[in-house]
Protein chains: 2
Amino acid sequence: MDVKTVCLGMLTEGEASGYDLKKAFESSFGHCFAAGYGSIYPALASLAESGCVSCEEIAQDGKPDRKVYRITDKGWEILLEELDNPAPSHKVRSEFLAQMAFAHLMTPEQVQEVLNSRIEDADRNLRFIDEFESSGDCEWPVGVRFTLGFGRAMLHAMKAYVEENRHMFTSSDRQTRKAVAR
Amino acid sequence: MDVKTVCLGMLTEGEASGYDLKKAFESSFGHCFAAGYGSIYPALASLAESGCVSCEEIAQDGKPDRKVYRITDKGWEILLEELDNPAPSHKVRSEFLAQMAFAHLMTPEQVQEVLNSRIEDADRNLRFIDEFESSGDCEWPVGVRFTLGFGRAMLHAMKAYVEENRHMFTSSDRQTRKAVAR
DNA sequence: GACTTTATATATCGAATTGATACAATGCAT
DNA sequence: ATGCATTGTATCAATTCGATATATAAAGTC
């Protein structure tokens with residue numbers, strides 16, 4: 001399940017350009033599987049080379065050609081093989097947690113600011129999920145509804161944990177920092 | 001807050017080799033910020049070059065030299081600057097969710113197997129956190145305790161969500177798949 | 001009318017990261 | 001005695017990230 005495979009999956013919904021796929025990565029997958037142009041265009045080129053997608057170049061006046069990709073039979077085959085993975089990964093890379101692990105080297109004010117910004121970010125992402133969900137003209141497939149709910153559940157748990165535990169870094173625990181800071 | 005900065009932070013606890021840091025990345029940071037040798041050794045080389053760490057090579061009979069790194073005053077300075085970031089990121093890259101988004105292209109059996117393996121993985125990680133937490137000879141700093149609790153809260157929320165929503169992919173919703181699969 | 005932002009659309013580039021592998025010796029267990 | 005885990009170094013190809021470049025049109029703003 002790399003960028004290539006997700007692109008294939010997106011193309012099962014219909015033909016699309018690299019630009020279209022980028023928008024899909026931002027909206028449907030933004031909260032769980034981001035990808036930029038630097039991943040998408042090489043992925044499409046590789047898929048085209050291996051015959052998993054076909055590409056039609058549509059000339060446009062002035063603008064560069066619009067390249068529209070379609071999934072092929074071989075693409076379907078590869079996609080279904082990839083979807084057979086029984087134990088796909090779920091990874092977190094958190095500069096937030098890495099920084100918090102060194103909270104004893106920060107001032108209490110710095111720590112509280114970081115916690116505030118994490119809550120704000122969670123709220124932003126929650127609003128984003130709500131907007132996206134209600135933006136569907138038709139109804140989203142089961143799996144997409146599942147991932148949206150998953151994202152919401154995680155964000156709520158994150159907010160709750162931060163709010164219930166930010167006291168760890170104030171008052172009585174203050175001397176810990178003073179004792180440790182070199 | 002990249003691998004270099006986390007290495008610097010780890011070195012505030014005392015001198016260490018690349019191998020030692022790898023173990024720290026696996027234990028304390030395994031659930032939130034992983035790094036392998038391919039990141040750690042280049043990071044240490046770069047930190048040494050920029051004078052943020054000093055390196056002492058200790059010859060060993062037969063084995064290759066053991067290179068022990070220590071944080072310098074400049075290293076402390078850089079670290080404290082990095083810790084001043086008020087809005088560090090928290091990113092998820094989930095092949096699990098990406099795959100689930102295409103659940104309508106999988107068989108119900110495949111979907112349930114994926115959900116089972118996700119729960120098993122969460123349980124493994126919960127056990128790992130418990131073991132790590134109780135393994136501390138002395139007590140962990142506040143920040144580390146915070147990140148461990150954070151990880152636990154996320155994993156519990158994940159398990160709960162999966163268990164409460166796996167019904168989405170069975171019985172009544174079954175025809176959705178039949179209708180969509182090409 | 002001039003100016004700026006936003007959207008459409010392509011693509012590349014260096015830097016960072018991943019995941020696997022190689023090499024080399026010791027010690028421990030079966 | 002033979003294989004496996006541990007200690008320790010390090011590299012490599014493939015992938016991904018984040019920023020940037022190019023070009024045009026529409027739409028909003030001063």
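Throughout, a chain's letter reflects where its sequence line sits, starting with A, and its residues are numbered from 1.
Near DNA chain C, meaning a heavy atom under 4.0 Å from it, residues 15-32 of chain A has Ser17(A), Gly18(A), Tyr19(A), Lys23(A) in order of number.
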Pairs under 3.5 angstrom only: tabulate donor-acceptor contacts from the side chains of residues 111-119 of chain A to other protein residues two or more places apart or in another chain.
residue	atom	partner	partner atom	Å
Gln112(A)	OE1	Arg166(A)	NE	3.0
Gln112(A)	OE1	Arg166(A)	NH2	2.9
Asn116(A)	OD1	Arg166(A)	NH1	3.3
Asn116(A)	OD1	Arg166(A)	NH2	2.9
Asn116(A)	ND2	Gln112(A)	O	3.4
Ser117(A)	OG	Val114(A)	O	3.1
Ser117(A)	OG	Pro86(B)	O	3.0
Arg118(A)	NH1	Asp121(A)	OD2	3.2
Arg118(A)	NH2	Asp121(A)	OD2	3.2

Distance-only criterion, 3.5 Å: show the donor-acceptor pairs between side-chain atoms of residues 35-55 of chain B and protein atoms not counting sequence neighbours.
residue	atom	partner	partner atom	Å
Ser46(B)	OG	Lys4(B)	NZ	3.3
Ser50(B)	OG	Ser46(B)	O	3.2
Ser50(B)	OG	Leu47(B)	O	3.3

Using atom types as modelled, flag every donor-acceptor pair under 3.5 Å from a side chain in residues 5-12 of chain A to any protein atom, sequence neighbours excluded.
residue	atom	partner	partner atom	Å
Thr5(A)	OG1	Asp2(A)	OD1	2.9
Thr12(A)	OG1	Gly9(A)	O	2.5

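Sorted by first and then second residue, the salt bridge (Lys or Arg N to Asp or Glu O under 4.0 Å) pairs involving residues 86-97 of chain B (not counting sequence neighbours) form an empty list. Within the structure, side-chain hydrogen bond (donor to acceptor under 3.5 Å, both in side chains) pairs that include any residue of residues 19-28 of chain B comprise Ser17(B)-Asp20(B), Asp20(B)-Arg66(B), Lys22(B)-Glu26(B) (at least two apart or interchain).
For Tyr69(B), the ring-ring contact (aromatic ring centres under 6.0 Å, His included) criterion is met by no residue, not counting sequence neighbours. Applying the side chain to side chain donor-acceptor pair (under 3.5 Å) rule to Glu15(A) yields the partners Arg70(A); only residues at least two apart in sequence or on another chain are considered. Considering only residues two or more places apart in sequence or on other chains, Lys159(B) meets the side chain to side chain donor-acceptor pair (under 3.5 Å) condition with Asp123(B). Under the rule for a side-chain contact (heavy atoms from CB on, under 4.5 Å), the partners of Ala101(A) that lie at least two apart in sequence or sit in another chain are Phe29(B), Val144(B), Thr147(B).
Using a cut-off of 4.0 Å between Lys/Arg side-chain N and Asp/Glu carboxylate O, Arg145(B) and Glu139(B) are scored as salt-bridged.
A straight line from CD of Glu57(A) to C1' of dT10(C) spans 11 Å, rounded to a whole angstrom. Here the C1' atom of nucleotide dG8(D) and the CD1 atom of Ile40(B) are 12 Å apart, to the nearest Å. In this structure, CG of Leu44(B) is placed 13 Å from P of dT17(C), rounded to the nearest angstrom.
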Polar pairs (N or O, both sides) under 3.5 Å between protein and nucleotides 10-17 of chain D?
residue	atom	partner	partner atom	Å
dA10(D)	OP1	Lys67(B)	NZ	2.3
dC17(D)	OP1	Arg93(B)	NH1	2.8

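Five base pairs at each end of the helix from dG1(C)-dC30(D) to dT30(C)-dA1(D) define two local axes, and these are offset by 30° (rounded to 10°).
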